[in-house]
Amino acid sequence: MDHMQWSKEEEDAARKKVEENSATRVAPEEQVKFESDANKYWDIFYQTHKNKFFKNRNWLLREFPEILPVNQNTKEKVGESSWDQVGSSISRTQGTETHCQESFVSPEPGSRGRSAPDPDLEEYSKGPGKTEPFPGSNATFRILEVGCGAGNSVFPILNTLQNIPGSFLYCCDFASEAVELVKSHESYSEAQCSAFIHDVCDDGLAYPFPDGILDVVLLVFVLSSIHPDRMQAVAHRLSRLLKPGGMLLFRDHGRYDNAQLRFKKGRCLSENFYVRGDGTRAYFFTKGEIRRMFCEAGLHEKQNLVDHRLQVNRKKQVQMHRVWIQGKFQKPSPWTPQSGN
């Protein structure tokens, strides 16, 4: 896999290809089923492929070191973990950091480290109808992976978190088959992980933990499968789950990725939004769209870049231009008046 930049001619050719495969749209009456039955299509996907389709994302920590709490003990223990035994598979292009217009004061440096247990969480767990603490209520560092699938991110993360006391991983998917694959895995442990069925598009659906407690939300190749009209609401909801200083980590398909260019005519649902042959869907983002979405949700942009790659299938002698968007967005601390000192 080679690092690359597109020439103007290559980008123009890609744009023309997208115009061609977008000319014929799926009929509106046909599109309804892809939205209403989205979870069923993904259930069938995981029933068919189990956990064999995607490779484990052993590159996550190198791209997103924020997955781990920041302290010296963590650094020492991570050095002994299996993350360091995996060859680097991701190296990003350079991007310019551009911040949203700020109406909050950014959190103090180091505020993402482990925190003391929050008394409010105990109150939450003792509320009406709750006789026991919620999963992870005693943890000091909490992560949620949205759209966990068969666990290709879950288990590499858990393999490292086992060395970090006080850490806890939540993971959810709206495909029940996927959640079952995670929970039945030999490495799954309820002592450090809680997998649950959840439709992130259902804003009224409660999470098994209170808002404002997460240190990290991981959103990797998930948002692209959601209808564009519902993405902003998802961003707002996930923002509410983060604690001040918490990070949302994003990676997904970029505009003119090879996967977008390969779609045939008649598979386009709307602009840059397509349906695959198995009924699952994919949107292809720009940096600007991601910036607007998460800034509108009240987060501050810390990273937002386009990752261009050239993949070569030597067996088929085919070159593929891959494009991904990667971003890091932080929840600010509420504004408070500065003291006289």
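On a predicted model such as this, the values are computed, not experimentally measured, just so you know.
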To the nearest 0.5 Å, atom OH of Y207 lies from atom CG of L238 at 5.0 Å
May I ask you to decide if the ring planes of F64 and W59 are parallel, tilted or perpendicular, using 30° and 60° as cut-offs?
tilted
Is the backbone N or O of F284 less than 3.5 Å from a side-chain atom of N272, with the two atoms forming a donor-acceptor pair by type?
no
- Query: Hey, does the side chain of Q31 reach the backbone of L269 with a donor-acceptor pair shorter than 3.5 angstrom?
  - Reply: yes
Exercise for review: Indicate whether any N or O donor in one side chain lies under 3.5 Å from an N or O acceptor in the other, for E271 and S22.
Suggested key: no
Please determine if D12 and K8 form a salt bridge, counting it only when a charged side-chain N lies under 4.0 Å from a carboxylate O. yes
Would you find a donor on one side and an acceptor on the other, under 3.5 Å apart, between the side chain of K331 and the backbone of S239? yes
One should read off an interatomic distance between F168 CZ and I213 CD1, to the nearest 0.5 angstrom, of 9.5 Å
Heavy-atom nearest pair, P165 first then N163, reads CD-O, 3.5 Å
Open item on the list: Can a donor-acceptor pair be found, under 3.5 Å and without considering hydrogens, that links the side chain of S167 to the backbone of L161?
Closed with: yes
Margin query: Grouping I, L, V, M, F, W and Y whenever their side-chain heavy atoms are under 4.5 Å apart, do V217 and I226 come out in a common cluster?
Written below: yes
Here the gap from H300 atom NE2 to F329 atom CZ, rounded to the nearest 0.5 Å, amounts to 11.5 Å
Output for pair (E66 CD, K328 NZ), nearest 0.5 Å, gives 3.5 Å
Checklist line | Side-chain donor or acceptor of R276 paired with backbone N/O of R281 under 3.5 Å | finding: yes
Inset, instruction - Treat each ILVMFWY residue as a node, draw an edge where side-chain heavy atoms are under 4.5 Å apart, and state whether V179 and V154 are in one component. - result: no
Next on the checklist: With heavy-atom distances below 4.5 Å as the criterion, would you say the side chains of K243 and D215 are in contact?
Outcome noted: yes
Taking the side chain as every heavy atom from C-beta outward, state whether F294 and N304 have any atom pair closer than 4.5 Å. no
Are E11 and R15 within salt-bridge range, i.e. N to O under 4.0 Å? yes
Give a yes or no answer on whether the side chain of S224 reaches the backbone of D252 with a donor-acceptor pair at less than 3.5 Å.
no
- Please assess D307 against R251 for the test side chain to side chain contact (heavy atoms under 4.5 Å, CB included), listing each intermediate value before the final yes or no. CA-CA 10 Å; D307 189 353; R251 188 172 175 88; 3.0 Å; yes
### Message
For a 4.5 angstrom cut-off between non-hydrogen side-chain atoms, does L242 reach L299?
### Response
yes
Q) So if you build clusters from Ile, Leu, Val, Met, Phe, Trp, Tyr with side-chain heavy-atom gaps below 4.5 Å, do L169 and I197 land together? A) no
For F196 and H198, take the angle between the two ring planes, folded into 0 to 90°, and tell me which bin it lands in: parallel under 30, tilted 30 to 60, perpendicular over 60.
perpendicular
Between H253 and F285, does the ring-ring contact (aromatic ring centres under 6.0 Å, His included) criterion hold? Intermediate values first, please.
CA-CA 6 Å; H253 300 293; F285 296 96; 8.5 Å; no
- Is any side-chain heavy atom of C268 less than 4.5 Å from a side-chain heavy atom of F263? no
Here the pair of heavy atoms bringing G149 nearest to V182 is O-CG2, 3.4 Å
*Beyond-backbone contact of L241 with R237, side-chain heavy atoms, under 4.5 angstrom*: yes
CG (L310) and CD (Q319) are apart, to the nearest 0.5 Å, by 4.5 Å
Residues M293 and A235: closest non-hydrogen pair is CG-CB, 3.8 Å
Handout entry: salt_bridge(R230, D202) N-O dist < 4.0 Å
Key = no
Should the pair F273 and Y283 be assigned to parallel (<30°), tilted (30 to 60°) or perpendicular (>60°) ring geometry? tilted
- Query: Do other residues, nucleotides or ligands put more than 12 heavy atoms under 6.0 Å from E29 CD?
  - Reply: yes
Q) Less than 4.5 Å apart, any side-chain heavy atom of V146 and any of V234? A) no
Pair E63-Q326, side chain to side chain donor-acceptor pair (under 3.5 Å): steps then yes or no: CA-CA 9 Å; E63 288 303 296; Q326 179 168 304; 2.7 Å; yes
D211 and R240 have their tightest heavy-atom pair at CB-O, 3.4 Å
key: Side-chain heavy atoms of S187 within contact of N159, under 4.5 Å   = no
Checklist entry - Does S7 offer a backbone N or O that forms a donor-acceptor pair with the side chain of E10 under 3.5 Å? => result yes
Salt bridge flag under 4.0 Å for residues R292 and E289: no
Separation between CZ (R255) and CD1 (I325), nearest 0.5 Å, reads 8.5 Å
| E301 side chain vs C295 backbone, donor-acceptor pair below 3.5 Å | no
For this session: Report yes if some heavy atom in the side chain of H236 is under 4.5 Å from a heavy atom in the side chain of E296; otherwise report no.
Result: yes
Closest heavy-atom pair, I164 versus P69, reported as atoms and distance to 0.1 Å, is CG2-CG, 3.8 Å
Just by modelled atom types, is the Y256 backbone N or O under 3.5 Å from a matching donor or acceptor in the Q260 side chain?
yes
Heavy atoms of C171 and C193 approach each other most closely as SG-SG, 3.9 Å
Backbone of A195 reached by a side-chain donor or acceptor of Y188 within 3.5 Å = yes
